[in-house]
**Student:** 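Here it is, the structure, as structure tokens.
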There are 2 protein chains.
Amino acid sequence: MGENKTRRRARQPERNPLSRADVVDAALRYVDEHGLDALTMRALAKEMGVYPTALYWHVGTKAQLVAATSARVLENVVLPSRHDLPWDEWLTDVARLIRNAMHRHPNLAPIIGSELVVTTTALPFVERVVDVLERAGFSGPDLVHTYNAFVGFVLGWVTMELSKNPVDVEEGWQKDYAAELRAANPNTFPALTRNLGILENSAFLTRWDSGRENPLDSSFEAALEALVLGLRTRLA
Amino acid sequence: MGENKTRRRARQPERNPLSRADVVDAALRYVDEHGLDALTMRALAKEMGVYPTALYWHVGTKAQLVAATSARVLENVVLPSRHDLPWDEWLTDVARLIRNAMHRHPNLAPIIGSELVVTTTALPFVERVVDVLERAGFSGPDLVHTYNAFVGFVLGWVTMELSKNPVDVEEGWQKDYAAELRAANPNTFPALTRNLGILENSAFLTRWDSGRENPLDSSFEAALEALVLGLRTRLA
DNA sequence: ACCTGAACACCGTTCAAGT
DNA sequence: ACCTGAACACCGTTCAAGT
């Protein structure tokens, strides 16, 4: 029984106390491995060899833990040095880095897309982007709009790319949907059926795989190029 | 007691059976009024005067109900006639219509942004967009990329706009964050502090209100204009 | 076909108590 | 300061039973 106790606490060799960062790190690993739905305070506590209520002391509440975990995804992005690149190329690089970071933790994309309003850890990122846009010549309301256009596009677009179907739908629904799509009436859906070969499983609303398994690389590149092109035109 | 029974069942005067559409409609209203987190099978059942397990017969499972409910948000969008507008103006109009629809049901934006992979009810929408892009001159892979650029931008950007903080953070955090933002060090954050007046509560990652209360209208217009401008340039 | 009613295996969170 | 341990008020879902 004493043995039982020490085994349960075998999380650390010398049992130094938990930190908030420890919990967030463990949550990130847990979500990466088991998915966001599987993250419960009880499951994470068991994984860490601790009682569920111990987590509350460090992270406050589950919603706050999830928010901190999703913020971590973007904190790890290292922005390129700003001085050796034109502003539009710098933006393009940053967009790709952000997308890569999100693809590394796809299970947290829903949270980034829908709960990321504000976090102090993002200020260095904001500083860099605003600085680059200012040097490019944007100012006043147009500076804010360009910033919002860029940030909203990257985070939002990749969130959509990484979206997935709810887990509980029965196995084999992909084949069912593919069959349904191919059976679409050419009279009511002429453009769709005409282009089905290039649309199926490659376009939003007509794909069955998520961007996790089936990334939309060249669509992202095309969208990014178009947006930056348009921003440059608006600047001039 | 007999009276009790009839009162509990007073949902309909003559007690005609529930339909799947009834449940989805009720769920949409419930989420609009009480929020997505408040939607539980038990609460919705109580609202409908029925036992929780009755809902399962119609909608399968909670995840499927939520998916059907979020799809409903976009099903109500009526696309403008395609024949009297140039393709780029048509796209701009459609983007605004979709944004308006999402703003009407902001509590479902998280689901639209993160779970909308595929739904047969979207095929008429896909048909119209593909048709317009084809007539504009896009074809092959570029048709798919342009479609994805547009759809991913609109749905993703507005999802970001409508994102909100987790509910449980304590009252008054907005003021705390505003103070923290205004206390940012001008030496480490020169561009940020220089433009704080126009950034605060108006830009992604530096706002505390959601797009529900504080819509980013002109940022959306600027982003949309830039994207469509860029798509037009890429076409030529 | 459609719904009731009971039951199961979970949740997040609070709170008093220990060290 | 940091964690245990019990307890509360919920969840989604399954399944047998009714009509």
Side-chain angles (χ1 to χ4, degrees), chain A residues 1-2 4-24 26-27 30-31 34-69 111 115 166-170, chain B residues 1-2 4-12 14-24 26-27 30-31 34-69 111 115 166-171:
Chain A
M1 189 168 149
N4 237 331
K5 224 174 168 184
T6 54
R7 265 210 289 144
R8 179 150 31 90
R9 299 184 165 186
R11 174 181 49 82
Q12 292 280 8
E14 280 304 323
R15 177 79 171 168
N16 33 16
L18 244 52
S19 74
R20 186 185 149 92
D22 289 336
V23 179
V24 175
Y30 195 89
V31 170
H34 301 102
L36 188 57
D37 290 339
L39 178 71
T40 69
M41 299 301 272
R42 298 171 119 103
L44 183 60
K46 179 173 272 185
E47 178 95 354
M48 302 183 77
V50 103
Y51 273 68
T53 43
L55 302 182
Y56 284 84
W57 201 91
H58 294 283
V59 297
T61 183
K62 187 190 176 183
Q64 290 174 335
L65 170 60
V66 170
T69 306
I111 305 300
E115 284 190 11
V167 282
D168 69 307
V169 277
E170 66 281 4
Chain B
M1 187 166 149
N4 236 332
K5 224 172 165 187
T6 54
R7 263 211 288 146
R8 178 150 33 91
R9 299 187 165 185
R11 177 178 49 81
Q12 291 280 9
E14 280 306 323
R15 177 78 171 169
N16 32 15
L18 244 50
S19 74
R20 187 185 148 91
D22 288 337
V23 179
V24 175
Y30 195 88
V31 170
H34 301 101
L36 188 58
D37 290 339
L39 179 70
T40 69
M41 300 300 273
R42 297 170 119 104
L44 183 60
K46 179 173 273 186
E47 178 94 355
M48 301 184 77
V50 101
Y51 274 68
T53 43
L55 302 183
Y56 283 83
W57 202 92
H58 293 284
V59 296
T61 181
K62 188 191 175 182
Q64 291 175 333
L65 170 60
V66 170
T69 307
I111 306 300
E115 284 189 12
V167 282
D168 68 306
V169 278
E170 66 281 6
E171 218 55 41

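Heavy atoms only: backbone and side chains are in, while hydrogens, waters and symmetry mates are out. Below, chain A is the first sequence line, B the second, and so on; all start at residue 1. Model, not experiment: these values are computed from the prediction.
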**Student:** Give me the one residue out of Val24(B), Val59(B), Ile111(B), Thr61(B) that meets side chain to side chain contact (heavy atoms under 4.5 Å, CB included) with Val66(B).
**Tutor:** Ile111(B)

**Student:** Is any side-chain N or O of His58(A) closer than 4.0 Å to OP1 or OP2 of dC3(D)?
**Tutor:** yes

**Student:** Can you name the residues that form a side chain to side chain contact (heavy atoms under 4.5 Å, CB included) with Ala54(A), not counting sequence neighbours?
**Tutor:**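 With neighbours one apart ignored, the set is Val50(A).
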
**Student:** Is Leu65(A) close to Leu44(A) at the side-chain level, that is, under 4.5 Å between some pair of heavy atoms?
**Tutor:**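 Leu44(A) reaches Leu65(A) side chain to side chain.
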
**Student:** Could you grab the distance from atom OH of Tyr30(A) to atom CE of Met48(A), nearest 0.5 Å is fine?
**Tutor:**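 Tyr30(A) OH to Met48(A) CE: 12.5 Å, rounded to 0.5 Å.
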
**Student:** For DNA chain D, whose closest nucleotide is more 5', that of Thr53(A) or that of Trp57(A)?
**Tutor:**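 First, find each residue's nearest nucleotide; the 5'-ward one identifies Trp57(A).
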
**Student:** Suppose we screen for side chain to side chain contact (heavy atoms under 4.5 Å, CB included). Which residues come up paired with Thr40(B), at least two apart in sequence or across chains?
**Tutor:** Arg42(B), Ala43(B)

**Student:** I need the minimum non-hydrogen distance between Ala45(B) and Leu55(B), along with the two atoms involved.
**Tutor:**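 Looking at all heavy atoms of both residues, the closest pair is N-CD1, 3.8 Å.
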
**Student:** With sequence neighbours excluded, what pairs up with Tyr56(A) under the side chain to side chain contact (heavy atoms under 4.5 Å, CB included) test?
**Tutor:**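 With sequence neighbours excluded, Tyr56(A) shows a side chain to side chain contact (heavy atoms under 4.5 Å, CB included) to Met41(A), given in chain and number order.
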
**Student:** Could you tell me how far apart Leu18(A) (CG) and dC2(D) (P) are, to the nearest whole angstrom?
**Tutor:**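 Those two atoms, CG and P, are 10 Å apart.
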
**Student:** Which atoms of nucleotides 7-12 of chain D (N or O only) lie under 3.5 Å from a protein N or O atom, and what are those distances?
**Tutor:**
{"residue": "dG12(D)", "atom": "OP1", "partner": "Met41(B)", "partner atom": "N", "Å": "3.3"}
{"residue": "dG12(D)", "atom": "OP1", "partner": "Lys62(B)", "partner atom": "NZ", "Å": "3.3"}
{"residue": "dG12(D)", "atom": "OP2", "partner": "Met41(B)", "partner atom": "N", "Å": "3.1"}
{"residue": "dG12(D)", "atom": "N7", "partner": "Arg42(B)", "partner atom": "NH1", "Å": "2.4"}
{"residue": "dG12(D)", "atom": "O6", "partner": "Arg42(B)", "partner atom": "NH1", "Å": "3.0"}

**Student:** For DNA chain C, just give me the dot-bracket, please: Watson-Crick or G-U, both distances below 3.5 Å, ( ) intra-strand, [ ] crossing earlier pairs, | paired with another strand, . unpaired.
**Tutor:** ||.|||||...|||||.||

**Student:** Identify the heavy atoms of His58(B) and Val23(B) that sit nearest to each other, and give their distance.
**Tutor:** CB-CG2, 4.2 Å

